[in-house]
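Worksheet: one structure, shown below.
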Amino acid sequence: MAQNFITCQFCETSNETKWKCINCDLILCQECKIKLHTKVKKNENHKVVDLKEFSNLGASETIRDVDLKNIQCTFHTNELCFIYCQDCKVLSCAVCLLESHQNHKLAKIEDVYSIRVKELQEQDNKISQNLPYLEKWGSNLQAIKSDEQTQYNELKQTILKQQSELKERITKKENIITELDKLWIPREKEISKHLQDIKIKGDDLNDKKSKIQEAFQSHNASTIFNTSVQVGTDLPDIPDNLLSKQQIILSQTKDEKIGIDSLVTIPMLKVTRTYTPDIPDIYKIKTLRKDIKIICIANQRTIHTFKIKDKKCLTTNIAEDIGDDMIDMTATDQNKLLFTTDLNSEIKRLLTFTPDSEVEVFISISPLNARGIHASVNTILIGFVDAEELFPITETSRRGIMIYDYNCRHVRTIERDQKNQLIFSLPEAITSNINGDICVVDKCKIKLHTKVKKNENHKVVDLKEFSNLGASETIRDLDLKDIQCTTHNNEQCIIYCQDCEVLSCAVCLLKSHQNHKLAKIDDVYSQKVKKLQELDNKISQKLPHFVKCEKDLKEIKSGEQTQHKGVKQIILKRKCDLKEEITKHTGSLIKELDRQRVSRITTISKQLRDIKQKSADLSFKKAKIQEAFQSNKASTIFTTSDEVSKYLPAIPGNILSKRQVLLSQTKDKKYSLDSLVTIPSLKVTGIFTSDLPSIYRIKNLINGVNIMCPIDDNIQTFTLKDNKCLVTNIAEDVGGDIIDMTVTNQNKLLFTIASNSEIKCLETFTPGCEVKVLISMSPLDARGIHASVNTILIGFVDAEELFPITEASRRGIMIYDYNCRHVRTIERDQNNQLIFSSPDTITTNINGDICVVDSTNNDNWEGRVVVLGEWGNFKWAYNGHPSINTESKFTPYDLVTTSKGLILVTDRDSDAIHILSMGGELVSSLNQTHGIEQPYCVNIDHKGQLLIGCGSEGTKDEVAKLHLVEMSF
């Protein structure tokens, strides 16, 4: 308990202070409180509180009313202060005021007093809050700083505690720390085991070396014999499998998606053998099954098998004159060798690997030339360039990767990025990683001839010989005839028994060593000395290795321990960063929600005020009229009429409807964060009838021209007037039934027709306008089409029956730029399965997603909505919703995206428009309650109005209609 150093301010002797008189502003001991303070009559009503209680009470509770009118002036002692100068910040009496504070800013003493009391209370509270933390951190700072393990555990526990609040992707990656621990624990045991073994062997060598040194320094010749037996000749081998430092790093993806880092153990690499080949250089190596090894030479047209034996790489020619210099080669899972050659469009293959094996053509990508090649499990990736000069690269150059399956069917092409720039310069070598990534060596320039310079003048340096002890310098002359027998103390040793390996006197010889193999002492002594010298030299040579090994292992252990902790700290920090990112995202969602709410409340409040004001005005005027009718004065009718007839507020026509905001979660399998979706208020503002049997497609051009077509081979412009949709034919018999159409940023209309490979174009929109061909996709047929800002996306199928789909079927999307240059093809997924059945309608969303109506059955045109990422990666598919598709299947015909990223899809047979979030959730719909029947198409005009085109068949009045819908976000 802390000592009390405050002395009683009454008796000024006792340290046992316990009380404080608020009125006297004195601290009292127990005795003074009872015997002195309470006996003074004027102190009877003073407030006395316990010191402990006083420290916790607010001034408003502890400080009684004080006499602020009785404060003596510090400058004029006979005067009382009555005012406070705010400029000078002092109390002032009348004299002070006259002398120094005239024209200053003054204030009442009680007002300033209250302010000052409040400031002091606040300051005291802050001090009371901060002081314990300062004291705690002051005493523990050094311990916290040095104790990294404690810090690590606290951080880890904090993150583990918060893991339930993180997204599923972080929870799934929580085991990265466990994975790190699993790597480190056995590694630490392995290092410790090696250290223990090295230490035992090192200690053994040191012990033997000490005994040998002791023997050489002894004047007793028998020590040589005894030491020789003790140390023996066996020495531990220098370990040749010493551990090297293992490095573990935390690898962060360069992908823009949010993700958690992964552990990477950098392999320990050791050259175990080197073989010299009988060829000038080794350009490519591949290993096939059945122990077949393939090798080829740079700038030559031959392929070899090879074997390694006796430090030699022995080659056998199996294919001569393969056509041109080898570029790249790959082994398939069927044990075939595919390869490409320079300036050639053919991918060639070898099926056998014996001399004079036949080279076959596997596939040709003419008119392009093949470069790098790689066979994965399901596909073959082929780098390509155009058959022109490799460099320089121009705008029309072709560089990329084509992907085929093993039946030689084209899967997709990778050529340009989202900015329509070529991805590659020269895709020279290709492989794929365990996660499916495509890894490419892309050369920015090429050297046709390389030279290998050999090092002829190698410098060879002799190893220095070094020894511990020179026998001639270290062995003193000893009397070998004066060695006392250890068994018979009075006898001298005269002989050495080689069988028993002991020195013997005459008595020993007669008793124990007759018929044994004997030798002269001096001969054996010389041998023993020589062996000990050799052993000492060996120990001297080996011992530094063991010392170095022990030192290296300790450094490795320490370094890897530090690395282990460091990686853990990085992992924990990365997790914190991810949590912060999620928190930031959540904060932005809340901020956006609040912003919308504030704006919404302002709008609603404004309308409420307006309506209330108008209602009050009407009530006032009604009362005036009632009063006039009840009046006995006829003149009141006239006066009231003049008063109330001037203005009546109109009934508002733009009353707000209920708006719904929800949190949408994407169906994408990739990690994604939720997003806010504001469901628009939808109001049908106009219904226009048409003489056409159906309104199949609607588009609005930049210049205000409206385009419409039925399900046939005609294209019309249209205007809306008097609830009628008035059409004018501008193109008749365009070649077949129209499938889809789109408007380019150059105000051109592109469209596709059934069973046709041509993309057709209208540039003028008057009767009899010319239909041009923009591009042909032959031998494929075009389906859906969409013009984005930089590219044109065209759905395609093969020119056969749409259904059923076979393994040989072609279905996908080709992407071109506005110069009709192919950018890439999207056809199959990562499992080599077709993505689409019949991509009949295409659009893009605000985030770059590709949205497609994919028809899956041409009998009833049942289908689905497929959404791909900007690069063609599958995100999600929508097959209708049970709340809408209760009686009819989902039959989508058209779709459009809004400025907020919502996707509106027509569903003809269910008489509905499905409104989907960017993540694929149904958030709202339009249906028969809105008057929607048989919807075929949707479009959003330049005013932001939704246009819905409907058919006539099966409707109540058998009339095709166009609905104009106002969307309010």
Side-chain angles (χ1 to χ4, degrees), residues 277 279 282-308 313-366 368-385 400-414 427-434 436-441 806-808 810 827-828 830-833:
I279 54 178
I282 299 172
Y283 175 63
K284 294 284 182 183
I285 295 177
K286 293 294 172 186
T287 304
L288 283 75
R289 293 196 298 274
K290 300 180 182 179
D291 199 31
I292 298 171
K293 301 180 180 68
I294 303 294
I295 200 169
C296 72
I297 309 167
N299 304 324
Q300 288 196 16
R301 304 178 180 185
T302 56
I303 298 175
H304 308 258
T305 57
F306 71 92
K307 294 182 179 180
I308 48 178
C313 179
L314 308 174
T315 64
T316 302
N317 202 332
I318 61 170
E320 293 186 8
D321 194 14
I322 57 176
D324 214 318
D325 296 344
M326 172 76 73
I327 295 296
D328 198 13
M329 60 182 181
T330 185
T332 71
D333 57 357
Q334 299 169 335
N335 217 40
K336 299 174 182 177
L337 185 75
L338 304 180
F339 60 93
T340 59
T341 57
D342 197 20
L343 304 176
N344 201 304
S345 62
E346 295 176 341
I347 287 75
K348 300 181 180 180
R349 67 180 176 183
L350 278 178
L351 304 181
T352 59
F353 305 98
T354 55
D356 300 322
S357 295
E358 184 180 356
V359 176
E360 299 178 356
V361 175
F362 177 65
I363 191 174
S364 172
I365 61 170
S366 180
L368 301 169
N369 285 343
R371 301 300 291 186
I373 187 168
H374 171 68
S376 66
V377 177
N378 298 313
T379 57
I380 299 167
L381 296 85
I382 305 169
F384 67 82
V385 297
I401 293 175
M402 285 188 179
I403 303 177
Y404 289 83
D405 63 14
Y406 277 91
N407 294 318
C408 298
R409 294 177 305 193
H410 179 269
V411 175
R412 62 181 178 275
T413 301
I414 303 168
E428 201 78 341
I430 306 171
T431 190
S432 55
N433 212 331
I434 56 174
D437 284 351
I438 300 171
C439 310
V440 182
V441 172
T806 66
E807 285 190 6
R810 298 287 309 276
E827 189 168 358
R828 292 178 179 266
Q830 57 190 14
N831 298 319
N832 201 30
Q833 300 299 309

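In what follows, residues are counted from 1 in the order of the sequence shown.
- Lys284 meets the salt bridge (charged side-chain N to carboxylate O under 4.0 Å, His left out) test with Asp328; sequence neighbours excluded.
- At a threshold of 4.5 Å between non-hydrogen side-chain atoms, the residues Arg371 and Thr340 do not count as touching.
- Annotation: salt bridge (Lys or Arg N to Asp or Glu O under 4.0 Å) contacts involving residues 288-299, sequence neighbours excluded, comprise Asp291-Lys293.
- The two residues Ile347 and Ala370 have their closest heavy-atom pair at CD1-CB, 3.9 Å.
- Contact of the Ile282 side chain with the Pro277 side chain is registered, since non-hydrogen atoms from C-beta on lie closer than 4.5 Å.
- Residues passing the side chain to side chain donor-acceptor pair (under 3.5 Å) test with Asp437, sequence neighbours excluded: Asn435.
- For Glu827, the salt bridge (charged side-chain N to carboxylate O under 4.0 Å, His left out) partners two or more places apart in sequence, or in a different chain, are Arg810.
- Although no hydrogens or angles enter the test, the distance criterion places no donor-acceptor pair under 3.5 Å between the side chain of Arg412 and the main chain of Ile403.
- In terms of heavy-atom proximity, Phe384 sits nearest to Leu368 at CD1-CD1, 3.5 Å.
- Under the side chain to side chain donor-acceptor pair (under 3.5 Å) criterion, Thr332 pairs with no residue, sequence neighbours left out.
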Show which side-chain atoms of residues 317-326 pair as donor or acceptor with protein atoms under 3.5 Å away, not counting sequence neighbours.
from, atom 1, to, atom 2, distance (Å)
Asn317, OD1, Ala319, N, 3.3
Asn317, ND2, Glu320, OE2, 3.3

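- Between Val411 and Asp405, the closest heavy-atom pair is CG2-N, 3.7 Å.
- In this structure, Ile292 and Asn335 have side chains that are in contact, with non-hydrogen atoms separated by less than 4.5 Å.
- The shortest distance between side-chain heavy atoms of Phe339 and Ile373 does not fall below 4.5 Å.
- Put simply, the residue from Thr379, Thr330, Ile382 that forms a side chain to side chain contact (heavy atoms under 4.5 Å, CB included) with His374 is Thr330.
- Considering only residues two or more places apart in sequence or on other chains, Thr352 meets the side chain to side chain donor-acceptor pair (under 3.5 Å) condition with Ser357.
- With a 4.5 Å cut-off on side-chain heavy atoms, Ile438 and Ile430 count as touching.
- The ring pair (Phe, Tyr, Trp, His ring centres under 6.0 Å) check on Tyr404 picks up His410, with sequence neighbours excluded.
- Closest approach of Val385 and Pro427 over heavy atoms only: CG1-CD, 4.2 Å.
- Taken from OG1 in Thr413 to CD1 in Ile401, the straight-line distance is 10.0 Å, to the nearest 0.5 Å.
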In a table with atom names and distances, give each donor-acceptor pair under 3.5 Å that connects a side chain of residues 358-365 to protein atoms at least two apart or in another chain.
from, atom 1, to, atom 2, distance (Å)
Glu360, OE1, Arg349, NE, 3.1
Glu360, OE1, Arg349, NH2, 3.3
Ser364, OG, Ser345, OG, 3.3
Ser364, OG, Ser366, N, 3.2

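- Of all heavy-atom pairs between Leu338 and Ile380, the closest is CD1-CD1, 3.8 Å.
- Every residue was checked against the side chain to side chain donor-acceptor pair (under 3.5 Å) condition with Lys286, not counting sequence neighbours, and none meets it.
- Listed by chain and residue number, nothing satisfies the side-chain contact (heavy atoms from CB on, under 4.5 Å) test with Gln830 (two or more places apart in sequence, or in another chain).
- For the atom pair Thr305 OG1 and Leu337 CG, the distance stands at 11.5 Å (nearest 0.5 Å).
- Partners of Asp333 under the salt bridge (charged side-chain N to carboxylate O under 4.0 Å, His left out) rule, at least two apart in sequence or in another chain, do not exist in this structure.
- Atom OH of residue Tyr283 and atom CD1 of residue Ile295 lie 13.5 Å apart, to the nearest 0.5 angstrom.
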